[in-house]
A.B. asks: 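Sharing a structure, written as structure tokens. Questions coming.
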Amino acid sequence: MLYKKWCVPTKEQDNRKYFWTYVEKDGGRDEIHDDLAETIRSHYDRLERIAEDVDRLGYKVAARYLARRCRRLLGADQAILAKFWRPS
């Protein structure tokens, strides 16, 4: 998990709610640099599965919108990421 290398978490409870705060560690970005591109890529590979999960939770309209939006933007987003993460 990137957050363990990148940030220091704190957890506060207020009645039944939990509030998590993440503060970036010194050198945290350098620590995750090599893993970040793969993590982003893996999240983009699963956008349609997120839409399926939203559908299973019963949010039918949101799931249809998300699936349609994902299909339309996936190609453009991946092109932007590829340009951004290109080795210099």
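Because the structure is predicted, anything quoted here is derived from the model rather than measured. Throughout, residue positions are numbered sequentially from 1 according to the sequence presented.
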A.B. asks: Side-chain heavy atoms nearer than 4.5 Å, only ILVMFWY residues, links allowed to pass through others: does that put I32 and V23 together?
C.D. replies: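 No; tracing contacts between hydrophobic side chains, which count when under 4.5 Å, never links both residues.
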A.B. asks: More than 12 heavy atoms of other residues, nucleotides or ligands under 6.0 Å from OH of Y59: is that the case?
C.D. replies: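 No, OH of Y59 has 12 or fewer neighbouring heavy atoms, counting only those of other groups under 6.0 Å.
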A.B. asks: Is there a side-chain contact (heavy atoms from CB on, under 4.5 Å) between K5 and D35? Walk through the geometry before answering.
C.D. replies: CA-CA 10 Å; K5 294 180 184 177; D35 299 328; 2.9 Å; yes
A.B. asks: Run the side-chain contact (heavy atoms from CB on, under 4.5 Å) check on D14 and F19 step by step: do they pass?
C.D. replies: CA-CA 8 Å; D14 180 21; F19 298 96; 3.5 Å; yes
A.B. asks: Is it true that, when you exclude K17 itself, more than 12 heavy atoms of the residues, nucleotides or ligands shown sit nearer than 6.0 Å to its NZ?
C.D. replies: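 For K17, atom NZ is not crowded (no more than 12 foreign heavy atoms under 6.0 Å).
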A.B. asks: Are the side chains of R29 and E24 in touch, meaning some heavy atoms are under 4.5 Å apart?
C.D. replies: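 Heavy-atom side-chain distance check passes, below 4.5 Å.
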A.B. asks: Taking all heavy atoms of C7 and all of P9, pick out the closest pair and write down the distance.
C.D. replies: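 Taking C7 first and P9 second, the nearest heavy atoms are O-CD, 3.7 Å.
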A.B. asks: Inspect the surroundings of CD in E12 and state if more than 12 heavy atoms from other residues, nucleotides or ligands are less than 6.0 Å away.
C.D. replies: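 12 or below, so no.
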